[in-house]
Amino acid sequence: MIDLKFIRTNPDLIRTAIQNKNEKADLDLLLGKDEERRKLQYEFDNLRARQNAVSQTIAQKKRSHEDATQELAEMADVASRIKNLQSNLAELNATVESLLLTIPNIPQADVPIGKDESFNEVIRYVGQPPTMDFVPKDHLDIATQNSFLDLPRGAKISGSGFPIYTATGAKLERAIINFMLEYHIQNHGYTELMVPLAVTRKTMTGTGQLPKLESDMYHIAEDDLFLIPTAEVPVTNIYADEVLSYKDLPKKFVAYTPCFRREAGSYGKDTRGLQRLHQFNKVEMVRFVEPENSEQALDEMLADAEDILMAFGLHYRVVSLCTGDLSFASQKTYDLEVWAAGSKKYLEVSSVSNFGEFQARRANIRYKDSEGKMRHLHTLNGSGLATPRLMIALLEQYQKADGSFQVPEVLKPFLELRI
RNA sequence: GGAGAGUUGCCGGAGCGGUUGAACGGGGCGGUCUCGAAAACCGUUGUGCCCUUAUGGGUACCCAGGGUUCGAAUCCCUGACUCUCCGCCA
């Protein structure tokens, strides 16, 4: 969340951010409630001060056996007023808090302004689309021909969007995950975590998925737990309500998890094969850094994700998301879009974002800097990478004329098999 | 799922309902001493909110939320978490 004091003193900046992000947070309501709250707080504090002082007097008089009926009478009245104020104040605080949670992060100054993805900026293209001396097939055809996937049965047991990877397909998927994990651990200095896949409402709020995106989550009502849409959620929240030392920073974690998304409202769009799923696998990188270093950390993470694509020899492009396409919590995001040689289009396989202190404020993650000052740290995360669309690109690029699949060199150590 | 114990400041650990933001010990930080260091001694040591900002002041916080009371870390209720035992189980 944004610092309430900052909002109070820079309302126009916030208003613009809300607009540019296509959000519909009610800033004026928040400001009004905040003012009301401060007034009550002041009143409450003063009344309490009175109560504390007189209570001392009462204590003293009682000890020296003096009469305190006058003080007691006054305090009975004060106490009931305090009680009233207190419940009003608690209610107001809750209101302000929940309104505050609907204010999005402010896009960084260098983020292109625009209302939707058509305003995103391609930063660069890397590599070339492969040249093939035959007409390449689409990933689903390759997968079907080689028995890598069983989508119909996945749909039978769970509904569409829940793929089954079969035999070699499963092994291939596992090899890809392992390759990426090991790459980040060994070459980029990340520490691996295995984390819970179901998290609390508070955790989901900490990273900014809630309250906005509740309808996109799988929710277990009985325990009020949510299936994670990305490892970002559990990993970023591991330090919630903690105070770290500047000596602990930066921290770099990588985690593989399945991800669950209801994808409400996106039915029928780009759904062939593995393009859009309710459950998919992803290797996620998360960093906790000092504020001064977050912009550089973003560039590094982008490079970390790109390294994977380059290792596979895939052509891709880097896109800077415009304000309207930026997620609620992000202040700057790069997407990596890999080239699918068969479908002839770019597919998003990674999103690398700097959240500034936005998530750290929500999740209450702080650190003491080298001067002993308490501050919110900055959080970042990036996919490194999500597997389904990577699988699409690999199947389509590494297919042979007969429709068989040639295992990319870098995967061979992770995949001791012949196809 | 059942039974019991616990949750206090950076850590350990006290705390008859009033002068306790919290004894005591340890740690950290600053200082004295020393050529340095150790030891000893002295001092200091949290966070949020509100008001005012040169400084300062008020208030809240002893797991969380309610309640009793003029007044609660201290009494009552509910919940969360941790530990032990039993049951169930990959």
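Chain naming here is simple, since letters A, B, ... match the order of the sequence lines and numbering starts at 1 in each. When reading the values below, keep in mind they use all heavy atoms of this one structure, side chains included, and skip hydrogens, waters and symmetry mates.
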B/C77 versus B/C88 - spacing of their P atoms, nearest Å: 32 Å
Mind checking if A/Gln51 touches a base, just sugar-phosphate, or nothing, with heavy atoms under 4.0 Å? sugar-phosphate
Does the side chain of A/Thr207 come within less than 4.5 Å of A/Thr203's, by heavy atoms? no
Just by distance, with hydrogens left out, do A/Glu173 and A/Asn281 show a side-chain donor and acceptor under 3.5 Å apart? yes
In whole angstrom, give me the gap between the C1' atoms of B/G87 and B/A3. 11 Å
For the P atoms, the ones on B/G31 and on B/C83, what distance do you get once it is rounded to whole angstrom? 43 Å
In whole Å, measure the gap between the P atoms of B/U47 and B/A37 for me. 29 Å
Qualifying ring pair (Phe, Tyr, Trp, His ring centres under 6.0 Å) pairs, either residue in residues 191-236 of chain A, two or more places apart: A/His219-A/Phe226
Show every donor-acceptor pair shorter than 3.5 Å between a side-chain atom in residues 299-313 of chain A and any protein atom, with sequence neighbours excluded, or say none if there are none.
| residue | atom | partner | partner atom | Å |
| --- | --- | --- | --- | --- |
| A/Glu300 | OE1 | A/Arg287 | NH2 | 2.2 |
| A/Glu300 | OE2 | A/Gln296 | NE2 | 2.8 |
| A/Asp304 | OD2 | A/Tyr190 | OH | 2.6 |
| A/Asp304 | OD2 | A/Arg287 | NH1 | 3.3 |
| A/Glu306 | OE1 | A/Arg124 | NH2 | 3.4 |
| A/Glu306 | OE1 | A/Tyr316 | OH | 2.4 |
| A/Glu306 | OE2 | A/Arg124 | NH2 | 2.5 |
| A/Asp307 | OD2 | A/His188 | NE2 | 2.7 |

Side-chain donor-acceptor pair under 3.5 Å between A/Tyr398 and A/Lys400, yes or no? no
Would you mind classifying the nucleic acid contact of A/Lys202 as base, sugar-phosphate or nothing, using non-hydrogen atoms under 4.0 angstrom? nothing
Quote, to the nearest angstrom, the P distance that separates B/A64 from B/A60. 15 Å
Base, sugar-phosphate alone, or nothing: which one does A/Arg8 contact when heavy atoms must sit under 4.0 Å apart? sugar-phosphate
Residue set satisfying salt bridge (Lys or Arg N to Asp or Glu O under 4.0 Å) with A/Glu232, at least two apart, ordered chain then number -> none
Rounding to the closest angstrom, what is the interatomic distance between B/A14 and B/G21 at atom C1'? 15 Å
Start with the C-alpha distance between A/Lys39 and A/Tyr42, add both sets of side-chain angles, then the distance that settles side-chain contact (heavy atoms from CB on, under 4.5 Å), and finish with yes or no. CA-CA 5 Å; A/Lys39 231 175 85 186; A/Tyr42 188 70; 5.9 Å; no
Base-paired stems in RNA chain B, each at least three Watson-Crick or G-U pairs under 3.5 Å: B:1-7 with B:80-86, B:10-12 with B:24-26, B:27-32 with B:40-45, B:46-51 with B:56-61, B:63-67 with B:75-79
Is it the case that the side chains of A/Lys332 and A/Ser353 hold a donor-acceptor pair, with the cut-off being a distance below 3.5 Å and no angle test? no
Which comes earlier along RNA chain B counting from the 5' end, the contact point of A/Arg361 or that of A/Arg63, where each point is its nearest nucleotide? A/Arg63
Taking the C1' atom of each, how far is B/A80 from B/G66, in whole Å? 15 Å
Whichever of A/Asn52 and A/Asp3 has the more 5' nearest nucleotide on RNA chain B, that residue is A/Asp3
Spacing of the P atoms in B/G56 and B/G65 (rounded, Å): 30 Å
With a non-hydrogen cut-off below 4.0 angstrom, is A/Arg37 in contact with a base, only sugar-phosphate, or nothing? sugar-phosphate
Just checking A/Lys61: base, sugar-phosphate only, or nothing, at a heavy-atom cut-off of under 4.0 Å? nothing
Flag for A/Gln56-A/Asn52: side-chain donor and acceptor within less than 3.5 Å: no
Under the salt bridge (Lys or Arg N to Asp or Glu O under 4.0 Å) test, which residues partner A/Glu357, sequence neighbours left out? A/Arg361
Terminal contacting nucleotides, 5' and 3', RNA chain B versus chain A (heavy atom, 4.0 Å): B/G18 to B/G71
